[in-house]
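In this text, all values refer to a predicted model and were calculated from it rather than measured experimentally. Reminder, nothing fancy here: chain letters follow the sequence lines and each chain counts from 1.
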Amino acid sequence: DAGVIQSPRHEVTEMGQEVTLRCKPISGHDYLFWYRQTMMRGLELLIYFNNNVPIDDSGMPEDRFSAKMPNASFSTLKIQPSEPRDSAVYFCASSFERTSWTEAFFGQGTRLTVV
Amino acid sequence: QQPVQSPQAVILREGEDAVINCSSSKALYSVHWYRQKHGEAPVFLMILLKGGEQKGHEKISASFNEKKQQSSLYLTASQLSYSGTYFCGSVNFGNEKLTFGTGTRLTIIP
């Protein structure tokens, strides 16, 4: 398997524009996580899905952020409208079983810059 | 709830040992350890599930105390390749939220 695949790897956008980040989890993995990483706040969990269903979105910072998982092989994280403070590296991760007892595999991340 | 990691940063000479600590105010279901190299994704090192457990991976090992509120990562005879930021991740009882500490930046110098 190619691992967790994220696209794009880099995104530069202007403030106010809509941004969509994409993630393809490892085939057969039931759990999918979206994280945001900044120097100030570290790795923050935004939302996680189990079998395509959002389970906990308490980490989503504002209504400007939304995430979907229309099927087992694809998820999106959308920011609309984007703001400079959204600049960060966004990671998607997936796990085969419950993270209580198994590892999470991370994608290479999307570096988002909002100017 | 985010686990608390310490120290924030460590600088070692090759061959020296380091300990990174991770603590929680509540008992955890499990604790994960990951390492992230600059510009790369975090990579899994190990997971501990049982109170009192100790687990090893080459010269990197970890422990989980009996109350399951504290874990430590031990790096013995450090190598240049150990440089990076180490994160502990915690999972509480009743959910699958993998929440990370703020990280410990480890720098190994020759």
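- In B:Lys55, the NZ atom is crowded: over 12 heavy atoms of neighbouring residues, nucleotides or ligands sit closer than 6.0 Å.
- Atom CZ of A:Arg64 has more than 12 heavy atoms from other residues, nucleotides or ligands within 6.0 Å.
- Note that the CH2 atom of A:Trp101 and the CD atom of B:Glu96 stand 7.0 Å from one another [nearest 0.5 Å].
- The minimum heavy-atom distance between A:Thr102 and B:His32, with the atom names listed, is O-CE1, 3.1 Å.
- Of the residues considered (A:Ala104, A:Ser95, A:Gly42, A:Gly109), A:Ala104 shows the highest number of contacts with chain B, using heavy-atom pairs under 4.5 Å.
- Comparing B:Gly103, B:Ser30, B:Pro42 by heavy-atom pairs within less than 4.5 Å of chain A, the highest count is held by B:Pro42.
- For B:Phe93, no part lies under 4.5 angstrom from a heavy atom of chain A.
- Ring planes of A:Tyr35 and B:Phe100: perpendicular class, angle over 60° (limits at 30 and 60°).
- Summarising the local packing, CZ of B:Phe44 is surrounded by more than 12 heavy atoms from other residues, nucleotides or ligands at distances under 6.0 Å.
- The choice from A:Arg41, A:Glu44, A:Gln37 that makes the most heavy-atom pairs within less than 4.5 Å of chain B is A:Gln37.
- Counting heavy-atom neighbours within 6.0 Å of A:Asn71 CG, excluding the residue itself, gives a total above 12.
- Within 6.0 Å of the CD atom in A:Glu14, the count of heavy atoms belonging to other residues, nucleotides or ligands does not exceed 12.
- Side-chain contact between A:Glu103 and B:Tyr34: present, with at least one pair of heavy atoms (C-beta onward) separated by less than 4.5 Å.
- Both B:Leu106 and B:Met46 sit in one connected hydrophobic cluster of ILVMFWY residues. Membership requires side-chain heavy atoms under 4.5 Å apart, directly or through other members.
- In plain terms, the two heavy atoms of B:Ala41 and A:Gly107 that are nearest each other are CB-O, 3.0 Å.
- By the rule that hydrophobic residues join a cluster once side-chain heavy atoms approach within less than 4.5 Å of another member, A:Ile55 and A:Phe91 end up as members of one cluster.
- Using a 4.5 Å cut-off between heavy atoms, B:Asn92 does not touch chain A at all.
- Residue contact with chain B, scored on non-hydrogen atoms closer than 4.5 Å, involves the side chain of A:Tyr31 exclusively.
- Around NZ of B:Lys37, the count of heavy atoms belonging to other residues, nucleotides or ligands within 6.0 Å exceeds 12.
- Side chain of A:Tyr48 to main chain of B:Leu98: no donor-acceptor pair is present (N/O by atom type, distance under 3.5 Å, no hydrogens or angles).
- Atom CD in B:Gln2 sits 11.0 Å away from atom CG in A:Leu45 (nearest 0.5 Å).
- In the hydrophobic clustering of ILVMFWY residues, with side-chain heavy atoms under 4.5 Å counting as a link, B:Leu45 and A:Leu43 come out apart.
- Ranked by heavy-atom pairs under 4.5 Å with chain A, the first of B:Leu48, B:Thr102, B:Leu49 is B:Leu49.
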